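These numbers were taken from a predicted model, which means no experiment stands behind them. Values reported hereafter were calculated over all heavy atoms of this structure, with side chains retained and with hydrogens, waters and symmetry mates removed. Naming: A, B, ... by sequence-line order, numbering from 1 per chain.
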Number of protein chains: 2
Amino acid sequence: MNIRDLKYVMAVAETGHFGKAAAQCFVSQPTLSGQIKKLEDELEITIFERTNRSVEITPVGEAILTHARSIMEQAGAIKQLAQAHRDPLAGPLRIGAIPTLSPYLMPLILVPLKKQLPQMKLILSEEMTDTLLERLHRHEIDAALLATTVEKQEFGTLPLFDEPFWVAYARDHTFYEKDQIRLRDLNNENLLLLAEGHCLADQAMDVCRVKERQTRGEMADLRASSLETLIQLVGAGYGITLVPALAMRGSWTTGSGVVAQPLAIASASRRVSLVFRHSFPRRAALQAFADVITDNLPNTVTLAGNRKRAAKKKRRKS
Amino acid sequence: MNIRDLKYVMAVAETGHFGKAAAQCFVSQPTLSGQIKKLEDELEITIFERTNRSVEITPVGEAILTHARSIMEQAGAIKQLAQAHRDPLAGPLRIGAIPTLSPYLMPLILVPLKKQLPQMKLILSEEMTDTLLERLHRHEIDAALLATTVEKQEFGTLPLFDEPFWVAYARDHTFYEKDQIRLRDLNNENLLLLAEGHCLADQAMDVCRVKERQTRGEMADLRASSLETLIQLVGAGYGITLVPALAMRGSWTTGSGVVAQPLAIASASRRVSLVFRHSFPRRAALQAFADVITDNLPNTVTLAGNRKRAAKKKRRKS
DNA sequence: GTTGAATAATTGCTTTTTCCTATGGTAGGT
DNA sequence: ACCTACCATAGGAAAAAGCAATTATTCAAC
C-alpha cells in the first residue's frame with residue numbers, strides 16, 4: 001500500500017471518472033488505472049465497480065475511503081510539522097546554564113532575544129557544569145552555557161566572552177583603601193568559596209593559586225551554596241571572594257555592605273562558551289542565540305575571539 | 001512520502017539502531033539509511049540525530065512519529081477491512097424481488113441460506129420489475145429476482161427455475177369438476193389481474209391470449225394490488241386468475257374457498273432468474289445465492305437449463 | 001598510540017516499480 | 001452504422017528501491 005495509491009483512489013471516488021482523476025493527480029489515465037488495479041489486487045478486493053460508462057465505489061471501497069482520508073490528513077500534518085520546523089530558529093531551544101552565570105546573564109538577553117528572534121522559544125535550566133554536560137549528552141538539553149573548556153569530542157564550543165573576576169570584600173576591609181588589588185594581596189585573605197562542583201570555586205582557587213585542601217582560615221569548611229549566600233558571608237566579614245563581572249549587576253550590590261572591584265591580574269577571568277553536541281542539527285539556532293548574547297553584553301566583559309561588539313544604534317534602526 | 005518510509009522511521013526510533021531497524025524491516029542497512037535520508041531531504045528536516053555511536057530522534061522526529069503511528073494504524077485498518085471482505089460470499093448482498101415471488105420464495109430459502117452461507121447477509125427489497133431494474137442500474141441493489149427476460153446489455157442473467165401457473169377459482173366454479181383445464185376453458189372466464197406493472201398480470205394475459213384492452217366481464221377495470229387480494233376476489237366469485245406455483249404455499253390455500261390446480265398448457269409458466277449488473281464484482285456470491293435457491297425448491301417448479309436438483313438427503317448427511 | 005569493534009554513510013550495480021504513449025475494446029448516443 | 005467517451009492493455013523508458021562491498025568515524029582496549 002502507498003499513500004499515492006490512496007490519493008488515486010480518493011480522486012476516482014471524488015470524480016467518478018478515471019480520466020479526470022488522473023488529471024487531478026497529474027498522471028496519465030493508464031497510470032492511475034494500473035495503480036488502482038494494483039491496489040485492488042494487493043488487497044484482493046474490488047474498490048470500484050466500473051463499466052465503460054460509469055464508475056461506482058463499492059461498499060468496501062467506501063469504508064476504505066474513510067481511512068484513506070484519515071491517512072492523507074496525517075500525512076499533511078507531517079508535512080506541516082516539517083514546514084514549521086524547517087526554520088531552524090523556530091521551535092524550542094533547550095539551554096542549560098551554570099548558576100553563577102544564568103541569573104546575571106539571562107536578564108540581559110531575554111528582552112533583546114524576544115525582539116530579535118521572536119520565533120525562538122527558550123527552555124532554560126540551571127545546573128552545575130558536570131550535570132549540564134551529562135544532560136547535553138543525554139539530549140535533555142540542546143546547549144549549555146559554561147565557563148570551562150570542554151575536551152570531549154562529542155561536543156563543540158562557541159566561545160562567547162571573557163568575564164573578569166572581581167574581588168568582593170566587606171566595606172570595612174583594608175582592601176577598601178587600595179587602588180589596585182594584586183595576587184599577593186589575596187594570599188593572606190580568607191578566600192570564601194562556593195560549594196563543590198561549581199566551576200567558580202575551582203576558578204577562584206586557581207586565580208589565587210591555592211589548592212583544594214589548602215583553604216585558609218577558620219571558615220575553610222564553609223562553602224556557600226549560591227553566589228548570593230557567598231556575598232552575605234563576605235558582608236558578614238567571614239572573608240573575601242571572587243565574583244564574575246556580570247554578577248556585579250545583582251541586587252546585592254547596593255546596601256549590602258559589600259564592595260567589589262576589578263583585580264589587577266590579567267588572567268583573572270573565565271571564558272564563557274556555548275557548548276553543544278556536534279550532532280545537534282539546528283546549528284543556526286545556536287549561532288543566532290549566541291549572537292544575541294554577544295550583542296547585548298555590558299562593557300564589563302570582553303568578547304571572545306573573532307567576535308565584534310555590534311553597533312547597537314545601527315542595529316536598532318534597521 | 002511513503003508508508004514504507006514511515007515504517008522505517010518507526011523502526012529506527014524503536015531500535016535506536018539503523019542496522020537493527022533494517023533487519024526488522026527485512027531490508028539492508030544501506031537501503032534503510034538511504035530511505036531515511038531521502039525522507040529527511042524531502043521534508044527538509046532532520047529526523048534522527050546520528051553519530052557513529054548513537055541514534056537519537058529529534059523533537060520534530062518525535063512529533064512525526066506520532067502521526068506516523070496513526071498512519072500505520074489506519075493502513076492496518078484498511079488491510080483488515082480488505083481481509084474481512086475478501087471472502088466474496090461475505091458482506092451484504094442487496095437483493096430485490098418481485099412481489100409475486102418474494103413472499104413465497106423467501107420463506108423457503110432463508111433458513112437453508114443461514115445454514116449453508118452463514119457469512120452472507122441479505123438485504124431484501126420487494127418491488128416491481130421496472131423499479132428493480134432501475135435500482136439495479138443505480139447500484140442500489142446488487143441483483144434482482146425477476147420473472148421476465150431482460151434484454152439490456154448492462155445486465156446478466158442467471159436462470160433459476162420455471163414456475164408453472166396454476167389456475168385459481170372459487171370452489172363452486174365449474175372448473176372444480178374438471179380433471180384438466182385447457183386454454184379453451186379459460187377463454188370464457190373472467191380473468192382477474194394484478195395491478196399494472198406486475199409482470200404476473202402481463203404473463204397471465206399472455207397465457208390466456210388476451211390483449212391489454214380486451215379483458216372481459218364486468219370487472220375489467222378491477223385490478224388487485226396484491227396476489228392475496230386477487231385471491232380474495234376469486235374467492236368472492238368475481239372470476240378466476242392464474243397464480244404462480246410457489247404461491248400455492250401461501251396461507252390463503254386453506255379455508256378461503258378458493259381452489260387451484262395446474263393448467264394443461266405447456267407454456268403456462270414463467271422463468272424466474274437472478275438478474276445482475278455485468279460489472280458486479282462478486283459473481284461468486286450471486287452464484288452461491290442462486291445455488292441455495294435451486295437447492296431448496298419444492299417439486300412444483302422445474303429447475304432451469306443446466307441446473308440439477310440437488311440430492312437433498314445426501315447433502316444433509318455431509 | 002595503535003589496533004579493533006561498532007556503526008552509519010557512500011558507491012556501483014541490479015531489480016522492481018512507476019509512468020507514458022499508443023492501441024484496443026465496449027457501450028451509448030446520434 | 002458510425003462516432004464518441006471511456007477504461008483496459010501492451011511495450012518500453014525512466015525513476016526508485018534494493019543489495020553487497022567499501023569507507024569513514026569514533027569509542028574502547030591493549
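Contact annotation: Arg4(A) reaches the phosphate of dC19(C) (side-chain N/O to OP1 or OP2, under 4.0 Å). Remark: Arg50(B) is in phosphate contact with dA9(C), judged by side-chain N or O atoms under 4.0 Å from OP1 or OP2.
Listed here is the closest heavy atom pair of Phe155(A) and His278(A): O-CE1, 3.1 Å. Nearest approach of Ile141(A) to Ser125(A), heavy atoms of both residues: CG2-OG, 3.9 Å. Summarising the geometry of Phe289(B) relative to Ile95(B), their closest heavy-atom pair is CE2-CD1, 3.8 Å, with the distance given to 0.1 Å. For the pair Leu132(A) and Leu145(A), the tightest heavy-atom approach, listed with the atom from each and the gap, is CD1-O, 4.4 Å.
Between Glu140(B) and Arg138(B), at least one side-chain N (NZ, or NE/NH1/NH2) sits under 4.0 Å from a carboxylate O, which counts as a salt bridge.
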Side chain to side chain donor-acceptor pair (under 3.5 Å) between Arg270(A) and Thr100(A), intermediate numbers included: CA-CA 11 Å; Arg270(A) 63 181 188 178; Thr100(A) 54; 3.0 Å; yes

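Remark: the Thr58(B) side chain and the Glu49(B) side chain contain no N/O donor-acceptor pair separated by less than 3.5 Å. In summary, the side chains of Arg50(A) and Ser33(A) do not present any donor paired with an acceptor at a separation below 3.5 Å, with no hydrogens or angles considered.
Of the residues in residues 25-38 of chain B, Gln29(B), Pro30(B), Ser33(B), Lys37(B) come within less than 4.0 Å of DNA chain C through at least one heavy atom, sorted by number. Near DNA chain D, meaning a heavy atom under 4.0 Å away, the residues from residues 7-20 of chain B are Tyr8(B).
Ile45(A) contributes atom CD1, which lies 13.0 Å from atom CG of Asp87(B) (distance to the nearest 0.5 angstrom).
No more than 12 heavy atoms of other residues, nucleotides or ligands sit less than 6.0 Å from atom NZ of Lys20(B).
Counting heavy atoms from C-beta on, the side chains of Phe276(A) and Asp142(A) never come closer than 4.5 Å.
Between the P atom of dA9(C) and the CG atom of Leu39(B) lies a distance of 14 Å, rounded to the nearest Å. Ile47(A) places its CD1 atom 12 Å from the P atom of dA8(D), with the value rounded to the nearest Å. The distance from atom CD of Glu40(A) to atom P of dA8(D) is 8 Å, rounded to the nearest whole Å. As rounded to whole Å, 10 Å separates atom P of dA16(D) from atom CD of Glu42(B). dC7(D) atom P lies 14 Å from atom CD of Glu49(A), rounded to whole Å.
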Close N or O pairs between protein and nucleotides 25-28 of chain C (under 3.5 Å):
unit_1  : atom_1 : unit_2   : atom_2 : d
dT26(C) : O4'    : Asn52(A) : ND2    : 3.2
dT26(C) : O2     : Asn52(A) : ND2    : 2.3

